[in-house]
Amino acid sequence: MSLLELKQQVLEANLDLPRHGLVTFTWGNVSGIDRAAGLVVIKPSGVEYERMQLDDMVVLTLAGERVEGTLRPSSDTPTHLALYRHYADIGGIVHTHSTHATSWAQACRAIPALGTTHADYFHGAIPCTRPLTPQEVEEAYEAKTGSVIIETLGEIEPLAIPGVLVSEHAPFAWGKDAHAAVHNAVVLEEVARMALYTLMINASQHAIPDHLLDKHYSRKHGKNAYYGQTSQPASSTPVSTTAARRVA
Ligand SMILES: O=C(CO)[C@@H](O)[C@H](O)COP(=O)(O)O
């Protein structure tokens, strides 16, 4: 993909945020990365989506040096860069303040896998980070937000749990590219809403058993994933729940 194509993809992904009802005003941002070129494209800070143009996209190195663009990059850029530097499989990142996922983040509660909708995309609970210390907030809030996400996820396969709740703040989601990251952000908000309603109906509802979690996750993401395939897979290889469970 050329840099121009990446800028177009990131612009479109940012414009999808209001289309999917994930943002109020400018409360969100999407970035993408060209790993071969070592370049990250991210939306400009504080620009209304309806005014956003291709030339507004800001191009940076993984170290955060500006390569292209005159506007200030998103205020959450250091968080995006920290995740790209640590996880080689992440190709796109989304941050929003979508209502239900943000409510779980403000309550500092992980979202349990209460059903198969969740299991189709997240191979376990969606974790919530610990609160940042006053010193972390003071010194380098956005960069430390990246560090605490990495601390929470550890060395799991990040695309197996493509999202996290930053406590006292809001969600981040990611994927193999910017569009996949937006898709996962939409699902994160949807399962956050479903989980809230589920626990309002039955406060003692528990997470689904591992065999159901593995079955549903593997149908979409296992070695022989079924969805979108032209022929019946020979067999679906269950994906171990061990790593995914560790972040709960
Ligand atoms: O988390 C926040 C503010 O708390 C940010 O997500 C802003 O709401 C969006 O900032 P920009 O990307 O426009 O700088």
Side-chain angles (χ1 to χ4, degrees), residues 6-33 39-62 64-84 90 92-108 126-134 136-150 152 162-175 178-179 181-182 184-186 188-189 192:
L6 180 60
K7 287 167 70 173
Q8 185 62 47
Q9 184 186 70
V10 171
L11 170 64
E12 279 304 311
N14 275 281
L15 299 181
D16 278 342
L17 296 184
R19 289 176 188 143
H20 287 294
L22 290 180
V23 294
T24 302
F25 302 130
T26 63
W27 302 349
N29 37 74
V30 186
S31 67
I33 185 170
L39 296 175
V40 171
V41 177
I42 194 163
K43 79 151 213 188
S45 183
V47 174
E48 290 85 11
Y49 296 101
E50 53 274 13
R51 284 198 304 110
M52 210 171 279
Q53 303 288 325
L54 189 64
D55 288 346
D56 296 335
M57 296 299 108
V58 183
V59 183
L60 305 164
T61 65
L62 271 169
E65 293 120 6
R66 183 192 299 273
V67 172
E68 262 190 40
T70 55
L71 300 176
R72 279 180 55 240
S74 166
S75 53
D76 296 300
T77 297
T79 308
H80 289 241
L81 295 178
L83 295 179
Y84 283 128
I90 292 181
I93 298 171
V94 174
H95 170 53
T96 77
H97 287 220
S98 59
T99 302
H100 297 87
T102 299
S103 301
W104 283 86
Q106 292 180 165
C108 306
I126 300 169
C128 188
T129 69
R130 66 167 171 78
L132 293 180
T133 65
E136 288 171 328
V137 171
E138 201 46 47
E139 273 174 13
Y141 177 60
E142 291 80 10
K144 291 296 182 186
T145 296
S147 307
V148 78
I149 290 173
I150 293 163
T152 303
V164 72
L165 307 169
V166 177
S167 63
E168 301 169 333
H169 185 172
F172 280 79
W174 46 84
H179 281 310
V182 170
N184 289 331
V186 171
L188 200 170
E189 171 60 14

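Indexing begins at 1, ligand by ligand and atom by atom, following the structure's order. Keep in mind the model is a prediction, meaning the values are calculated, not measured.
- The protein non-hydrogen atom at the shortest distance from atom 13 (O) of ligand 1 is Gly46 N, 2.8 Å.
- Atom 8 (O) of ligand 1 has Trp27 CA, 3.2 Å as its closest protein atom, hydrogens excluded (heavy atom only).
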Check against side chain to side chain donor-acceptor pair (under 3.5 Å), His95 and His169: CA-CA 10 Å; His95 170 53; His169 185 172; 3.1 Å; yes
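- Annotation: Lys7, atom NZ; neighbour count of heavy atoms from other residues, nucleotides and ligands within 6.0 Å is above 12.
- Scanning all protein heavy atoms for the shortest distance to atom 6 (O) of ligand 1 gives Asp76 OD2, 2.9 Å.
- Atoms of ligand 1 found under 4.0 Å from any heavy atom of Ser74 (numbered from 1 in listed order, with element): 11 (P), 12 (O), 14 (O).
- More than 12 heavy atoms of other shown residues, nucleotides or ligands fall within 6.0 angstrom of atom CD in Glu48.
- Between Arg72 and Pro44 there is no side-chain heavy-atom pair separated by less than 4.5 Å.
- Looking at heavy atoms from C-beta onward, Pro171 lies in side-chain contact with Thr102 at the 4.5 angstrom threshold.
- The side chain of His95, and not its backbone, has at least one atom closer than 4.0 Å to an atom of ligand 1 (non-hydrogen atoms only; side chain from C-beta on).
- If you number the atoms of ligand 1 from 1 as listed, the ones under 4.0 Å from a heavy atom of Lys43 come out as 11 (P), 12 (O), 13 (O).
- Between Glu12 and Arg19, at least one side-chain N (NZ, or NE/NH1/NH2) sits under 4.0 Å from a carboxylate O, which counts as a salt bridge.
- Partner Val164 forms a side chain to side chain contact (heavy atoms under 4.5 Å, CB included) with one of Ile150, Leu188, Thr129 and no other, that one being Thr129.
- Considering only non-hydrogen protein atoms, atom 9 (C) of ligand 1 sits nearest to Thr26 O, 3.3 Å.
- From the protein, the heavy atom lying nearest to atom 4 (O) of ligand 1 is His97 CE1, 3.4 Å.
- Atom 10 (O) of ligand 1 has its closest protein heavy atom at Ser75 OG, 3.2 Å.
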